[in-house]
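For reference, the structure is listed below as C-alpha cells.
Proteins get letters first, then strands, A, B, ... in listed order; numbering begins at 1 in each.
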There are 2 protein chains.
Amino acid sequence: MNETELYRIDRTVKQWLKTSRDFILAKMGENLKISQKTSRKDLVTNVDKENEKLIISKIRTFAPNSQILGEEGFGDQIRQTKGWVWVVDPIDGTMNFVKQRDHFAIMIALYVDGKGVLGYIYDVVNDQLFSGGPDLGVFQNEHLLPAPENVGLRNGLISLSGPMVIHDRFNFQKVAETSSGLRIYGSAGVEMAHLLKGEIVAYVSYLKPWDFGAGKILAESLGLAVSTVDGKPLDMLSSDFVMVATVQAQQDILPIIGSNV
Amino acid sequence: MNETELYRIDRTVKQWLKTSRDFILAKMGENLKISQKTSRKDLVTNVDKENEKLIISKIRTFAPNSQILGEEGFGDQIRQTKGWVWVVDPIDGTMNFVKQRDHFAIMIALYVDGKGVLGYIYDVVNDQLFSGGPDLGVFQNEHLLPAPENVGLRNGLISLSGPMVIHDRFNFQKVAETSSGLRIYGSAGVEMAHLLKGEIVAYVSYLKPWDFGAGKILAESLGLAVSTVDGKPLDMLSSDFVMVATVQAQQDILPIIGSNV
C-alpha cells in the first residue's frame, strides 16, 4: 500500500473515531442497558453494540470488500486473513466503562493479507489517541512516540490481569515480584497505551483478537515483542495468553515461567 | 475554626501546591537522583526531598506554631496531636514518578487537635486537585464532588496493593474475586482519587500516616468509611493496614477476612 493510500485511510479512521467518541460521550449521560456475556465480570452494554454497528457501517461504505472481526458479533465470520481485515473493539474495558465511566478505549486495526498495517487505540474520555503502524510510525495524538527504552523486568513495572495474579497462572506471582511493581488497569487498550509510552515494560493477559489486534500493530511498530505467553507467534484469529513486552523484559520473563505453561 | 479562616488556609495551600507542581514539572526534565530507602521497591528522589523542604518552609512561615509530619523526615518528631499538625507527602507514588513520570500525587493534610480539617491530593501531571474537608465539602478542581453511591463489594471495583494480592494477606484474594474486578494503580493518592470519584468501592493497603492523612479527611467528608483493615479506628500517627471503602463495601469485606487478621 502506498503512503498516499495509508494517509487517506488514517484520516478516515480518525474521523470515525471522533464520531464514535461523540456518540459514546452523549450516551454516557443516559442509563446504560447492561447485560452479562459469559459471566457477571464479562459485560456488554447497548453502547458497545451501537458503537460497533456504527463503526462497521462506516467500514462497509469505505471499503466494501473488507472482512470485519467485531467483538460484539456484528461483523463477519472470518476463517482466513486474505485481503483487508478490520478488527474492531467498540469499547475495550467495558467494566471500567460501566463502573468508572472512564479508562476504556475504542480499538480498530487494519490487517492486509495477515500483516498489520494500521492500529488505533482511543482513550475516549481523556481524548488520547494512539495511532499508526509500521510505515507511518506511532503517534499519541499529534506527537510522534519514540521507541520505549529496552528496560528489563527488574527495573520496570508490569501489568497483569487480576485472575492471572490471583490464581498464579504460569508462575506470574514470581514474575510480578521480580518486577519493580505490579499494576492492573482493567482495559487491554489502556495497558497497551502505558506500554507504548514506556510506563510499563510488560503486559500479560488472556486476550481475544479484538483485544490485541490494534495493540499488536502499534507495539511491534515501536520494537516491542508481541507473542503468546510462552514466546510463540500469535495467531490473529485466535484467543490466547498474550505477552507484550520490551525485548529484554520478554527475555527475563520466559525463564521464570519456564515449564509452567 | 471559622469559615473565613478555613478559606484563607485553603487558598494558601493551593498556592503552595501550584508552586510545587511547577517545581516538579521543571525537575522532571532533568536526571533524577534516585536512592533506595528500605528496599529496591521503596524509592526516594532528590525531587521528593526538595519538594518536602519547599512545602515545609511554606508551612513554617505561614503557621510557625504547627507540628509537621513529613515523609522524608524534614518535619518534626511528633508524639501527640494537640494543636495544628500538618501531614506532608511531597511525592506519593514515587515508583510511578520514577518509572512513569505520571500517576503520582502531592498530599497535604491539616489536623487540629487530632481532627481532620483540610486535605489535598494533587495529581500533578494531570493537574487534578482533590481538596476540602468536613466543613468546606470536597472538590475536584472547581467541581464539588457528590458523595459516592453506597455500592457493595460485589458490584464495585476494588484496589489493593500488589503484595497484599500476591501473598493473599487476610484472605484478600477472595475479597478481590468477590468484587467486580481488581485494580492496582500504585499510588495511595491516585487510589484515593478513584474512591472519591466513586470509580472503585474500596482500597486496602499497608499505609503510613502521610499516605492516608489527606485521603482520610476527604473520604470521611464524603461519607466513606476509613478504618484499619479489621474495621477499627485509625491512629493518625501510626502505620497500619488501612481500608477506605463505601460503608456497604466495608460491611461486605469484613466477614470475608473474618479471623484472618
Subject >> Which portion of R183(B) sits near chain A, non-hydrogen atoms under 4.5 angstrom >> reply: both
Original post:
Considering residues, nucleotides and ligands other than K37(A), do more than 12 of their heavy atoms fall under 6.0 Å from its NZ?
Top reply: yes
**OP:** Verify the neighbour count for atom CG of N31(B): are there more than 12 heavy atoms of other residues, nucleotides or ligands below 6.0 Å?
**Re:** no
Subject >> Heavy-atom contacts under 4.5 Å, residues 161-169 of chain A to chain B >> reply: G162(A), V165(A), I166(A), H167(A)
Original post:
Nearest 0.5 Å, what's the CD1-CG distance between I184(A) and L160(B)?
Top reply: 8.5 Å
**OP:** Could you tell me whether the side chain of N126(A) reaches within less than 4.5 Å of the side chain of N126(B), counting heavy atoms only?
**Re:** no
Original post:
Is atom NZ of K174(B) surrounded by more than 12 heavy atoms (other residues, nucleotides or ligands) closer than 6.0 Å?
Top reply: no
Subject >> Most contacts with chain A, counted as non-hydrogen pairs under 4.5 angstrom, among K41(B), R154(B), Q173(B), R101(B) >> reply: R154(B)
Subject >> Neighbour count above 12 (heavy atom, 6.0 Å) for K18(A) NZ >> reply: yes
**OP:** Using a heavy-atom cutoff of under 4.5 Å, enumerate the residues of residues 210-217 of chain A that contact chain B, numbered in order, or state 'none'.
**Re:** none
Subject >> Contact list for residues 245-258 of chain A, test side-chain hydrogen bond (donor to acceptor under 3.5 Å, both in side chains), sequence neighbours left out >> reply: S227(A)-Q250(A), Q248(A)-D252(A)
Subject >> CE on M95(A) to OG on S180(B), rounded to 0.5 Å >> reply: 4.5 Å
Original post:
S159(B) versus chain A, heavy atoms under 4.5 Å apart: side chain, backbone, both or neither?
Top reply: neither
**OP:** Under 4.5 Å, heavy atom to heavy atom: which of residues 187-205 of chain B reach chain A? Give them by number, or say none.
**Re:** H194(B), G198(B), E199(B), I200(B)
